[in-house]
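Take a look at the structure below.
Quick note: residue numbers are just sequence positions, from 1. We use all heavy atoms of the structure for the numbers below, so side chains are in, but hydrogens, waters and symmetry mates are not. Remember, predicted model here, so these are calculated numbers, not experimental data.
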Amino acid sequence: MSSTLKETFDRSGFVIVDNLIPEGQFTELRDASARVVAKTRSGQWPHRRVVGKQFPPFDSDNLDSWGVQHVMHPDLSEPAFAKWYTCDELVGVMRELLDCEEEDLQMELFNLLINPELHEFALRWHRDDVRENATNEEEIEALSFWHHGIQWNTALYKDSCLYIVPGSHNVPRTPEQRALSETLEAPKDPLDMPGVLQVTLKRKKTALTSLLVLFPPPSFNVSSIAGQTVFYNNNILHCATYSSRTQRATLHASIGDARGGSVRARNILQHGLRWMREARFQESLPTDRAQTMLRKLLEMEGSLGANGKVTQYSLSA
């Protein structure tokens with residue numbers, strides 16, 4: 001794999017990669033996603049991202065959903081998700097981007113982002129592990145060290161939901177950017193953010209698109225094919241919109257680097273991962289690689305003490 005991939009990720013804070021769903025698994029993942037979405041909308045699956053609440057822990061105050069949590073959970077009985085999460089193609093990219101060995105990879109989150117049925121919804125501008133009211137000095141400090149993990153979106157249908165500000169993972173917000181991101185309100189128009197780039201995942205890809213993925217200009221729409229993956233630093237300044245009028249099923253996940261110790265805990269354990277301790281989940285995993293990745297997560301959680309709790313989570317509103 002070309003070193004350009006990691007260089008682009010480090011410089012821009014994101015990168016789009018082709019062909020991470022192996023032949024034959026695309027239909028499996030679409031079908032599995034349709035089933036878990038149906039269970040969520042019918043109330044059979046309670047672990048969901050609720051319209052009106054941006055970050056976990058989620059409640060059940062609104063019947064409409066914008067995401068399905070814990071798609072590898074054994075109660076869903078959908079092995080396609082764990083199979084893909086630990087496949088050679090995806091693991092190879094994660095090793096490249098994290099600059100680590102396979103034995104360092106740490107299992108983390110795997111959720112599904114979907115369209116609400118009844119509402120238009122949006123997430124506010126945010127960094128996943130820096131609070132919106134952080135001072136300039138606090139922001140500089142928070143962005144100065146590596147968080148030992150990467151998250152990604154893989155679209156199973158055309159997806160134009162994600163907005164990012166390339167390069168913002170390395171620098172504090174400008175006064176203009178801060179004015180649009182220091183409240184809990186979602187933006188009226190994400191394109192008002194200085195330096196914004198909208199990531200659109202779709203079926204048609206051109207040679208020009210490939211060049212723009214590697215060298216994106218500011219304020220541009222980057223297009224790629226359905227099934228492509230956008231990897232991004234979760235402290236890049238980003239937001240998202242969710243339309244009830246457009247079908248969405250986007251695989252949303254993260255993998256960590258166990259060499260970071262417990263640095264990932266405050267960002268991922270707020271999603272409620274106690275079920276991953278259960279023997280039946282461990283028994284459901286398809287490979288020794290998957291077992292090793294899970295063991296790294298449990299070791300990280302165990303390092304926090306008997307309850308595996310952190311004193312403060314990253315974001316909650």
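No hydrogens or angles considered: a donor-acceptor pair under 3.5 Å links the side chains of S181 and R173. If you check the side chains of H147 and D129, you find a donor sitting under 3.5 Å from an acceptor. In this model, no donor atom of one side chain and acceptor atom of the other lie less than 3.5 Å apart for Y157 and R248. No side-chain donor-acceptor contact under 3.5 Å links R264 and Q106. Side-chain atoms of H252 and N111 include no donor-acceptor pair closer than 3.5 Å. Side-chain atoms of S244 and N115 include no donor-acceptor pair closer than 3.5 Å. Between the side chains of S254 and E108, at least one donor-acceptor pair of N or O atoms lies under 3.5 Å. In this model, a donor atom of one side chain and an acceptor atom of the other lie less than 3.5 Å apart for S42 and Q44.
Between D257 and R95 there is no salt bridge, since no side-chain nitrogen of the basic residue lies less than 4.0 Å from a carboxylate oxygen of the acidic one. For the pair R289 and D88, the salt-bridge criterion is met [side-chain N within less than 4.0 Å of a carboxylate O]. Ion pair R274/E301 flagged as a salt bridge, since at least one NZ, NE, NH1 or NH2 atom sits closer than 4.0 Å to an Asp/Glu carboxylate oxygen. By the 4.0 Å N-to-carboxylate-O rule, E103 lies too far from K296 to be salt-bridged with it. Electrostatic pairing of R131 and E138 does not count as a salt bridge here, judged by no charged N lying under 4.0 Å from a carboxylate O. Salt-bridge annotation for D192 and K188: absent, with no side-chain N of the basic residue lying under 4.0 Å from a carboxylate O of the acidic one.
Nearest heavy-atom pair, P166 versus I236, reported as atom, atom and distance to 0.1 Å: CA-CD1, 4.2 Å. Nearest heavy atom pair, residue S243 against residue P116, reads O-CD, 4.0 Å.
In the displayed structure, D59 atom CG is contacted under 6.0 Å by more than 12 heavy atoms of other residues, nucleotides or ligands.
Of the possible polar contacts, one joining the D104 side chain to the E101 backbone as a donor-acceptor pair under 3.5 Å is found. Not a single donor-acceptor pair under 3.5 Å links the side chain of Q198 to the backbone N or O of L191. Distance alone, capped at 3.5 Å, places no donor-acceptor pair between the H47 side chain and the V71 backbone. Here the side chain of D64 pairs a donor or acceptor atom with the backbone of L118 at under 3.5 angstrom. Looking at S262, its side chain never comes within 3.5 Å of a backbone N or O of A265 through a donor-acceptor pair. The main-chain N or O of N233 is never found under 3.5 Å from a side-chain atom of Q151 such that the two would form a donor-acceptor pair. Side-chain N or O atoms of K6 include none that pairs as donor or acceptor with a backbone N or O of E96 at under 3.5 Å.
A 4.5 Å side-chain heavy-atom check between S65 and V50 finds every atom pair outside the cut-off. Side-chain contact between R127 and S168 is present, with at least one heavy-atom pair separated by less than 4.5 Å. L156 is listed as a side-chain neighbour of I21, based on a closest heavy-atom distance under 4.5 Å. In this structure, R124 and T183 have side chains that are not in contact, with every pair of non-hydrogen atoms separated by 4.5 Å or more.
Annotation: the span from L109 atom CG to N234 atom CG amounts to 10.0 Å, rounded to 0.5 Å. Interatomic distance, CD of E78 versus CG of L112, reported as 11.0 Å (0.5 Å rounding). For the atom pair CG of L298 and CE of M293, the computed distance is 12.5 Å after rounding to the nearest 0.5 Å.
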Inset, instruction - Walk me through it: do R259 and D99 pass the test salt bridge (charged side-chain N to carboxylate O under 4.0 Å, His left out)? - result: CA-CA 11 Å; R259 294 176 299 176; D99 192 20; 5.8 Å; no
Inset, instruction - Give the C-alpha distance, both sets of side-chain angles, the deciding distance and a yes or no for ring pair (Phe, Tyr, Trp, His ring centres under 6.0 Å) between F281 and W275. - result: CA-CA 8 Å; F281 173 60; W275 59 272; 4.9 Å; yes
Legend entry - Worked verdict on H73 versus W45 for ring pair (Phe, Tyr, Trp, His ring centres under 6.0 Å): CA-CA 11 Å; H73 198 294; W45 185 246; 5.2 Å; yes
Inset, instruction - Decide side-chain hydrogen bond (donor to acceptor under 3.5 Å, both in side chains) for R48 and Q69; before the verdict, give the C-alpha distance in whole Å, the side-chain angles of both, and the deciding distance to 0.1 Å. - result: CA-CA 5 Å; R48 61 192 181 94; Q69 297 285 85; over 6 Å; no
Inset, instruction - Could you check F55 against H126 for ring pair (Phe, Tyr, Trp, His ring centres under 6.0 Å), going step by step and ending with a plain yes or no? - result: CA-CA 11 Å; F55 306 107; H126 64 283; 5.0 Å; yes
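Using cut-offs of 30° and 60° for the angle between ring planes, the W84 and F110 rings count as tilted.
If you run side-chain hydrogen bond (donor to acceptor under 3.5 Å, both in side chains) between T250 and each of T154, T229, D159, only D159 comes through.
For R245, the salt bridge (charged side-chain N to carboxylate O under 4.0 Å, His left out) criterion is met by E120, not counting sequence neighbours. Listed by chain and number, the residues in a salt bridge (charged side-chain N to carboxylate O under 4.0 Å, His left out) with R41 are E117 (sequence neighbours excluded).
Checked against the 6.0 Å centroid threshold, F231 and F9 do not count as a close aromatic pair. The aromatic ring centroids of H238 and F14 lie 6.0 Å or more from each other.
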